[in-house]
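See below for the structure under consideration.
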Amino acid sequence: MASNENKGFPNSYMFLKPEDARFRDLLHVLYSRNLGNRKFVDSHEGSMEESFRQRWLIFVSLMVQKILLFVKTPLSFFGTCVEMLVNMVALNGGFFMMLINLLTGHLVIPDRESPKYLSCIGNLDRRVKLNIVNREDSKYHVSLAMMASKASYENAAYLKYTITHEWKMEFVGFYDCWNEYQRRANTEVLVFLDKDTYVVAFRGTEPFDADDWCTDLDISWYGIPGVGKMHGGFMKALGLQKNVGWPKEIQRDERLPPFAYYVIRDILKKRLSENDKAKFILTGHSLGGALAILFSTILFLHDETLLIERLQGIYTFGQPRVGDEEYARYMKQKLKENSIMYCRFVYCNDIVPRLPYDDKDLLFKHFGVCLFFNRRYELRVLEEEPNKNYFSPWCVIPMTLNSILELMRSFTIAYINGPHYREGWLLFGFRLVGLVLPGLPSHGPQEYINSTLLGTIESHFKVD
């Protein structure tokens with residue numbers, strides 16, 4: 001039994017275990033309301049799912065996760081091949097030069113641990129410059145946060161070189177952190193220092209990592225008394241402990257990588273205690289944005305006074321939903337009490353912040369101010385993004401039309417806004433995907449970088 005001092009112990013929970021589910025078992029979810037006695041569901045005593053729609057979502061979540069686990073190895077191999085090919089083309093000066101170098105014996109082979117090696121996300125948008133926004137500009141930290149969120153997809157050598165030599169800042173570390181439920185170190189966090197501001201950037205979903213996608217699509221939930229219910233997949237990635245929840249202190253197994261929440265918390269506590277002027281910001285793109293806001297939740301839960309007082313802001317980009325209405329009320333109150341800025345950026349038809357659809361039957365909802373950018377990078381401050389049901393048939397035609405216009409803009413944006421906005425062939429190919437899956441290219445980092453640079457956002461930072 002958990003100690004009374006452990007406020008992170010749940011009063012209710014439901015964890016899905018797709019590896020233990022057979023197809024015949026999954027069908028039972030659709031017609032049986034009692035999920036508590038299923039071996040692929042770990043839940044509190046008396047757990048019932050009375051809504052068919054909830055059971056349908058559980059069925060879909062488990063089925064998709066099982067498919068992802070089945071294709072995990074070939075998906076990873078395919079991703080590695082794509083990354084190697086894209087890096088080989090880039091390092092050899094283009095496709096035709098790569099062929100010439102191959103024929104002449106001068107082919108440059110990419111090194112995955114090299115500072116020049118980029119992930120698929122990095123190759124979509126290769127920009128590294130920060131001097132586009134003046135340090136004194138009120139949106140400087142937003143632009144820095146987005147660039148840090150994009151950079152967090154890269155390897156440690158790239159990050160150390162970029163932060164030290166390109167950005168002229170102090171590289172603190174890049175941490176591969178343990179997920180106890182997946183038994184894998186697949187949560188990555190970047191920490192660096194810009195003058196007196198520490199930036200903590202959680203890495204988002206890697207496109208060819210099945211475990212990352214399982215984390216996103218896992219609709220398990222975890223309820224804490226007085227806080228609310230939170231997305232179980234994200235909680236596991238952040239460092240949730242089996243059987244004990246969120247104890248304030250843990251005994252770490254030195255043979256395993258650290259847990260994300262605990263290692264970053266301890267680094268910040270040490271660094272901030274040594275510098276009275278130091279503060280920090282939390283950020284992340286996609287899955288990383290979800291981990292950033294949940295990190296602050298656990299700080300509130302543990303009454304980490306020093307860190308709460310020094311937390312300057314939370315900036316998330318394309319962040320998925322993370323909790324229920326009770327959680328939303330709890331976080332609104334805590335952020336307001338501690339004067340912490342929370343900016344959730346959503347670009348146009350980005351699919352990720354809209355899943356699952358937010359109606360009365362579903363668990364996960366948004367909270368806080370939404371800084372919404374349309375295709376022209378014009379900003380609106382909303383409580384929720386428009387067209388919040390991605391699957392609404394009324395949205396298909398306007399989303400497809402918008403994808404066509406964004407594809408056309410790919411050819412003109414550099415001429416209108418300058419060479420910093422030039423787009424490469426890989427990004428153009430990604431935009432073509434948007435003609436079939438509208439809203440998917442909108443989730444890419446390129447649109448969020450453009451939004452923070454071209455959008456007029458500084459006047460909206462003090463909105464409650």
Criterion salt bridge (charged side-chain N to carboxylate O under 4.0 Å, His left out) against Glu274, the qualifying member of Lys277, Lys270, Arg271: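 In the set Lys277, Lys270, Arg271, the residue that makes a salt bridge (charged side-chain N to carboxylate O under 4.0 Å, His left out) with Glu274 is Lys270.
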Are the side chain of [X] and the backbone N or O of [Y] linked by a donor-acceptor pair below 3.5 Å?
X: Arg252; Y: Val263; answer: no
X: Arg344; Y: Phe317; answer: no
X: Thr283; Y: Thr316; answer: no
X: Asp125; Y: Pro445; answer: no

Does some side-chain heavy atom of [Y] sit less than 4.5 Å from a side-chain heavy atom of [X]?
X: Phe300; Y: Ile340; result: yes
X: Lys72; Y: Cys214; result: no
X: Lys279; Y: Leu311; result: no

If the threshold is 4.0 Å, N to carboxylate O, is there a salt bridge linking [X] and [Y]?
X: Glu378; Y: Arg375; answer: no
X: Asp211; Y: Arg184; answer: yes
X: Lys236; Y: Asp218; answer: yes
X: Glu249; Y: Arg265; answer: yes
X: Lys248; Y: Asp303; answer: no
X: Glu304; Y: Lys269; answer: yes
X: Lys160; Y: Glu170; answer: no
X: Lys17; Y: Glu19; answer: no

Can Lys242 be said to sit on top of Tyr181's aromatic six-ring, NZ or CZ under 6.0 Å from centre and within 45° of the ring axis?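 Pair Lys242/Tyr181 counts as cation-pi.
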What are the two closest heavy atoms between [X] and [Y], and how far apart are they?
X: Gln241; Y: Val244; value: CB-CG2, 3.3 Å
X: His141; Y: Ile281; value: O-CD1, 4.3 Å
X: Gln65; Y: Pro18; value: OE1-CG, 3.5 Å
X: Asn186; Y: Arg203; value: O-NH2, 3.1 Å
X: Leu382; Y: Phe372; value: CD1-CB, 3.9 Å
X: Lys139; Y: Gly455; value: NZ-O, 2.9 Å

For the ring pair Tyr261 and His302, is the centre-to-centre distance below 6.0 Å?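 Distance test on ring centres: under 6.0 Å, yes.
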Near-ring test Tyr448/Phe345, centroid separation under 6.0 angstrom: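 That pair fails the under 6.0 Å test.
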Does the plane of the ring in Phe202 sit parallel, tilted or perpendicular to the ring in Phe295? Use 30° and 60° as the thresholds.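 Answer is tilted, since the angle falls between 30° and 60°.
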Phe15 vs Tyr222 aromatic rings, parallel, tilted or perpendicular, using cut-offs 30° and 60°?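 It falls in the parallel class, under 30°.
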Does atom CH2 (Trp213) have a neighbourhood of more than 12 heavy atoms from anything else shown, all under 6.0 Å?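 At most 12 heavy atoms, drawn from other residues, nucleotides or ligands, come within 6.0 Å of this atom.
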Are side-chain N/O atoms of Asn450 and Arg127 paired as donor and acceptor at under 3.5 Å?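 Checked: Asn450/Arg127 side chains pair up, N/O donor to acceptor below 3.5 Å.
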Quick one about Thr162 and Glu154 (side-chain donor to acceptor, distance below 3.5 Å, no hydrogens or angles considered), yes or no?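 No, no side-chain donor-acceptor pair sits under 3.5 Å.
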With ring pair (Phe, Tyr, Trp, His ring centres under 6.0 Å) as the test, pick out the partner of Phe192 among Phe174, Tyr198, Trp167.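 Only match with Phe192 under ring pair (Phe, Tyr, Trp, His ring centres under 6.0 Å): Trp167.
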